[in-house]
Amino acid sequence: MTRSAKADVDVVVVGAGFAGIYALHKVRQAGLTVMGIEAAPDVGGTWYWNSYPGARCDVSSYNYAYFFDPEIVRQWQWSDSCAEQREIQSYLRFCAEKCGVVDLIRFNTRVTSAHYEGGSGTWTVTMGNGESVCCRYVIMAIGALSTPKAPDIEGVDDFKGLSLLTSNWPKDREIDFRGKRVGVIGTGSSGIQIIPEMAKVARSVHVFQRTANYVIPTESGPIDENKLQAIRKDPITVRQELRTTYAGLYPLGIGAHKFHELDEAGRQQALETAWEGNYIALAFRDAYLPEANAAISDFVRKKMLEVVRNPKTAHELVPWDHPYGGKRPCRSDTYLQTFNEPHVRLVSLKHTPIVRIEPDGIKTTEEKIELDAIIYATGFDAITGAVFSIDIEGLDGQTMKQAWKDGPVNYLGTMVHGFPNMFFPSSALSPSVLTNMATLAEQQIDYIVDTMLWLERHGYAGIQPKLQSQFDWRDEVFRYAQRYPGALTTNSWYNGANLPGKPRVFMIYCGGFHKYNDRCMAELKSDFPGYEVLR
Ligand code: FAD
Ligand code: NAP
């Protein structure tokens, strides 16, 4: 195979969120030609679509941002430690404009297929309008949480009131919830952010909870000036330092002691210190031990119980069925407090499941609740949803649906055997949501573009991971998942359990961002021993 002269453009980047914007910039900087394609009318990705009231990041904004350009770090002034959706979207627009990549993007355009042609070593990427573009590399920056899970409840279409999805919130109008009877289904991170906002204005709020989640306070508030100065002084060094941390956060607190080094009083002290310092998940150096995790889980449950005045409601709101970390913990300073309001009521679907949605409300096994609006905060077809919505065909006609029929497989979270020169940032079997995903996106795009440049330098036509590398990576991901509390035993989107019929595969690498980065760097430094080169 020789390098193709057939391509219209060297690289196509699909998606214009954190990963896609940086990919466009980095590829162009590398001297390759590039085109972006985005389904939305603007940049932002997650931060374009999820514009529901209360949406905001729950890690510090000065971490949840780009570091590749010191000017951006110094110029952008976040108004809060945990910025709101609108601000993050403006930030991403600002970055895209500053890098001059907006004009490279075809907006309002969905990619429907991508087919590889072995002879020319090119991908043909086809768009919803039937147009196609031929390229040598594809970066599928399509997001892990970009395909909403369709509400799987009988009667959804019968409801005559307002039906809204947090993950595709209307952009064309402000919705006035004053005086309305609002029902919210779902109590994951999206639900717990929107519920307090509804409680501020609605006549009544019914919260339909199937599974309770851990809820811990946020770091919201004014940004710590010392931290800010430290970050702004030398952003490039911070960028490198972030890659040596477990979760891509700087600086991240961690308990001073191991669990068994402490007696009961010492453990309580460590838990209180971690709670105050906002790092409860790492209250002990070995917080992954089941006994350490049990202490953390109990501690958070106790804190939650203290907030809600009605003991029955408090008990229902606390997750007794899974350990801390089994599902993604939620962060809010107002969610639990909301249940102390007289017009907010918890409906526990464990005891009284929804029977169906009716034209004027929701019928449970016990009652009919009349509503003017239903908000579905029911989550995503995470990670594989966006991939499967594109007809991807690689070497010898193999499809991604076949390759991932038993769950996702890849090497280092980014490339799949049989699909040369196609890269998936923010995807399966990467540190994903267990890291700061902005930092991860930057690291992965660096790795991906450095891989392309290596191919270009050597005049190679392509690269794909060895099959054995994929098996080994899958085993490594599984090994870490085994020691991650609740990973294999909790029903969560992390392992596909939120969608009936989805293969149960734990989709996140829990070894830590630092180890992940080291593995990528080792491939780069040793000329890609885990991959096969196509010449
Ligand atoms: P996305 O931002 O999801 O962008 C993917 C883009 O690809 C989308 O714009 C989509 O329209 C486009 N696309 C998909 N398929 C196609 C197609 N076929 N054709 C054309 N375009 C397509 N992570 C954190 O680390 N910290 C947080 O605090 C945090 N908060 C979050 C809050 C919410 C409400 C949600 C949903 C997620 C949050 N996340 C958070 C995770 C978040 O998804 C990532 O941090 C990050 O924004 C992902 O960036 P991305 O570029 O990989 O993907
Ligand atoms: P989610 O965590 O998957 O939560 C979905 C909720 O809907 C769950 O409570 C689920 O219950 C419930 N649900 C789903 N189908 C249902 C049904 N048919 N009947 C009743 N209840 C149903 O989704 P999410 O809240 O959108 O969050 C997804 C991820 O996005 C998060 O884990 C996080 O990574 C990210 N996010 C982050 C933030 C942030 O603050 N930074 C905000 C929003 C989202 P079960 O648990 O029983 O399935």
Side-chain angles (χ1 to χ4, degrees), residues 13-23 36-40 42-52 54-61 63-64 82-83 85 88 92 106-114 125 127-128 140-153 156 166-167 184-194 208-213 218 247-249 319 322 327-332 349-350 353-354 376-380 382 385-387 389-390 424-427 432-441 444-445 490-494 497-500:
V13 175
V14 189
F18 265 107
I21 294 170
Y22 180 53
I37 306 174
E38 167 57 62
D42 201 351
V43 300
T46 287
W47 302 102
Y48 171 82
W49 296 108
N50 294 265
S51 57
Y52 58 84
R56 62 198 313 151
C57 66
D58 66 358
V59 298
S60 154
S61 300
N63 281 309
Y64 188 60
C82 296
Q85 169 271 332
I88 304 174
L92 287 169
R106 183 83 70 88
F107 289 107
N108 294 305
T109 306
R110 193 163 275 285
V111 166
T112 52
S113 71
V125 177
M127 297 165 253
M140 286 288 185
I142 51 182
L145 296 162
S146 56
T147 304
K149 181 189 118 161
D152 47 356
I153 304 170
V156 164
T166 50
S167 50
V184 181
I185 303 178
T187 51
S189 299
S190 303
I192 68 108
Q193 286 187 330
I194 197 170
F208 296 85
Q209 173 191 273
R210 192 161 66 184
T211 312
N213 270 308
T218 72
L249 294 166
H322 65 274
K327 281 175 180 285
R328 187 190 190 271
C330 303
R331 304 193 74 172
S332 171
L349 303 181
K350 281 255 187 293
I354 296 176
Y376 297 94
T378 40
F380 297 86
V387 176
S389 69
I390 303 173
F424 294 89
S426 315
S427 192
S432 182
V433 290
L434 294 184
T435 47
N436 162 0
M437 285 190 78
T439 303
L440 174 70
Q444 288 189 314
I445 296 300
T490 308
N491 288 335
S492 137
W493 69 257
Y494 289 177
N498 67 327
L499 268 156

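As the structure lists them, so they are numbered: ligands from 1, and atoms in each ligand from 1. FYI, side chains are in, hydrogens and waters are out, and symmetry mates aren't considered; it's all heavy atoms of this structure.
- When all heavy atoms of Ala141 and Ala19 are compared, the closest pair comes out as CB-CB, 3.9 Å.
- Below 3.5 Å of separation, one finds no N or O of Phe380 facing any N or O of ligand 2.
- What you find for Val184 and Ile194 is that their closest heavy atoms are CG1-CG2, 4.2 Å.
- If you take CZ on Arg328 and CH2 on Trp493, they are separated by 8.0 Å, rounding to the nearest 0.5 Å.
- Of the protein's non-hydrogen atoms, Asp58 OD1, 3.0 Å is the one closest to atom 41 (N) of ligand 2.
- The closest donor-acceptor contact from the side chain of Ser389 to the backbone of Val387 lies at 3.5 Å or more, if one exists at all.
- Of the candidates Val59, Thr211, Ile194, it is Thr211 that places a heavy atom closest to atom 45 (P) of ligand 2.
- Judged by distance alone, the side chain of Thr490 and the main-chain N or O of His322 form no donor-acceptor pair under 3.5 Å.
- Distances from atom 4 (O) of ligand 2 to the heavy atoms of Ser432, Ala212, Gly188, Ser167 put Gly188 nearest.
- Looking only at protein heavy atoms, the nearest one to atom 32 (O) of ligand 2 is Trp493 NE1, 2.9 Å.
- Nearest to atom 18 (N) of ligand 2 among the protein's heavy atoms is Asp152 OD1, 2.7 Å.
- In plain terms, the two heavy atoms of Leu499 and Phe380 that are nearest each other are CD1-O, 4.2 Å.
- Checking Cys330, Pro148, Pro319, Ala377 against atom 5 (C) of ligand 2, the nearest heavy atom belongs to Ala377.
- Between the side chain of Gln444 and the backbone N or O of Ser426 there is at least one donor-acceptor pair closer than 3.5 Å.
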I'd like a table of the close N/O pairs between ligand 1 and the protein (anything under 3.5 Å), one pair per line with both atom names and the distance.
from: ligand 1; atom 1: 2 (O); to: Thr46; atom 2: N; distance (Å): 2.8
from: ligand 1; atom 1: 2 (O); to: Thr46; atom 2: OG1; distance (Å): 3.3
from: ligand 1; atom 1: 3 (O); to: Thr46; atom 2: OG1; distance (Å): 3.4
from: ligand 1; atom 1: 9 (O); to: Glu38; atom 2: OE1; distance (Å): 2.8
from: ligand 1; atom 1: 9 (O); to: Glu38; atom 2: OE2; distance (Å): 2.9
from: ligand 1; atom 1: 11 (O); to: Glu38; atom 2: OE2; distance (Å): 2.6
from: ligand 1; atom 1: 11 (O); to: Trp49; atom 2: NE1; distance (Å): 3.0
from: ligand 1; atom 1: 18 (N); to: Val111; atom 2: O; distance (Å): 3.1
from: ligand 1; atom 1: 19 (N); to: Val111; atom 2: N; distance (Å): 2.8
from: ligand 1; atom 1: 21 (N); to: Ala39; atom 2: N; distance (Å): 3.1
from: ligand 1; atom 1: 25 (O); to: Met437; atom 2: N; distance (Å): 2.8
from: ligand 1; atom 1: 28 (O); to: Asp58; atom 2: N; distance (Å): 2.8
from: ligand 1; atom 1: 28 (O); to: Asp58; atom 2: OD1; distance (Å): 3.2
from: ligand 1; atom 1: 43 (O); to: Thr46; atom 2: OG1; distance (Å): 2.8
from: ligand 1; atom 1: 45 (O); to: Tyr64; atom 2: OH; distance (Å): 2.5
from: ligand 1; atom 1: 47 (O); to: Tyr64; atom 2: OH; distance (Å): 3.1
from: ligand 1; atom 1: 51 (O); to: Phe18; atom 2: N; distance (Å): 3.1
from: ligand 1; atom 1: 51 (O); to: Ala19; atom 2: N; distance (Å): 2.9
from: ligand 1; atom 1: 52 (O); to: Ser426; atom 2: OG; distance (Å): 2.5

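- Close approach to Gly186 involves these atoms of ligand 2, each under 4.0 Å from a residue heavy atom: 6 (C), 7 (O), 9 (O), 12 (C).
- Nearest protein heavy-atom contact of atom 34 (O) of ligand 2 is Arg328 CD, 3.0 Å.
- Close approach of ligand 2 to Arg56 (heavy-atom distance below 4.0 Å) involves ligand atoms 39 (C), 40 (O), 41 (N).
- Lys149 has its side chain within reach of Asn498: a pair of non-hydrogen atoms, C-beta onward, lies under 4.5 Å apart.
- Residue contact check for ligand 2: Phe208 places no non-hydrogen atom closer than 4.0 Å to it.
- Once rounded to the nearest 0.5 Å, the distance linking CZ of Phe208 with OG1 of Thr187 reads 12.0 Å.
- Residue Gln85 comes nearest to Asn50 through the heavy atom pair CG-O, 3.3 Å, listed as atom of the first residue, atom of the second, then distance.
- Contacts between Leu145 and ligand 2, counted as non-hydrogen atom pairs separated by less than 4.0 Å, involve the side chain only.
- In this structure, the side chain to side chain donor-acceptor pair (under 3.5 Å) partners of Gln193, at least two apart in sequence or on a different chain, are Tyr52.
- By the 3.5 Å distance cut-off applied to N or O atoms, Ser189 is counted among the residues near ligand 2.
- Closest protein heavy atom to atom 40 (O) of ligand 2: Gln193 NE2, 2.9 Å.
- Lys149 NZ, 3.3 Å is the protein heavy atom nearest to atom 14 (C) of ligand 2.
- Taking Ser432 as the reference, nothing meets the side chain to side chain donor-acceptor pair (under 3.5 Å) condition, with sequence neighbours excluded.
- Contacts with ligand 2 closer than 4.0 Å are made by side-chain heavy atoms of Ile153 only, the backbone lying farther away.
- With ligand atoms numbered from 1 in the order given, ligand 2 contributes 20 (C), 21 (N) to contacts under 4.0 Å with heavy atoms of Ile185.
- Listed by atom number, the atoms of ligand 2 under 4.0 Å from Leu349 heavy atoms are 20 (C).
- Within the 4.5 Å cutoff, no side-chain heavy atoms of Tyr48 are placed close to those of Val43.
- At least one N or O atom of Arg210 sits closer than 3.5 Å to an N or O atom of ligand 2.
- Ligand 2 does not have Arg331 within reach: every non-hydrogen atom of the residue lies 4.0 Å or more from it.
- Across every non-hydrogen atom of Lys327 and Asn213, the tightest pair is CD-OD1, 3.1 Å.
- Distances below 4.0 Å separate heavy atoms of Lys327 from the following atoms of ligand 2: 45 (P), 46 (O).
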Practice task
Test Val13 against Tyr22 for side chain to side chain contact (heavy atoms under 4.5 Å, CB included), laying out the working first.
Solution key: CA-CA 10 Å; Val13 175; Tyr22 180 53; over 6 Å; no

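- Asn436 pairs by the side chain to side chain donor-acceptor pair (under 3.5 Å) definition with Thr439, not counting sequence neighbours.
- Remark: distances from the non-hydrogen atoms of Tyr52 to ligand 2 include one below 4.0 Å.
- Across the listed options Ser190, Pro353, Pro151, Ser190 owns the non-hydrogen atom lying nearest to atom 27 (O) of ligand 2.
- No side-chain heavy atom of Phe18 sits less than 4.5 Å from a side-chain heavy atom of Thr46.
- Partner of Thr166 under the side chain to side chain contact (heavy atoms under 4.5 Å, CB included) criterion, out of Ser51, Ser190, Pro148: Ser190 alone.
- Using a 4.0 Å cut-off to heavy atoms of Gly379, the atoms of ligand 2 that qualify are 3 (O), 5 (C), 23 (O), 26 (O).
- Of the protein's non-hydrogen atoms, the one nearest atom 9 (O) of ligand 2 is Thr187 N, 3.0 Å.
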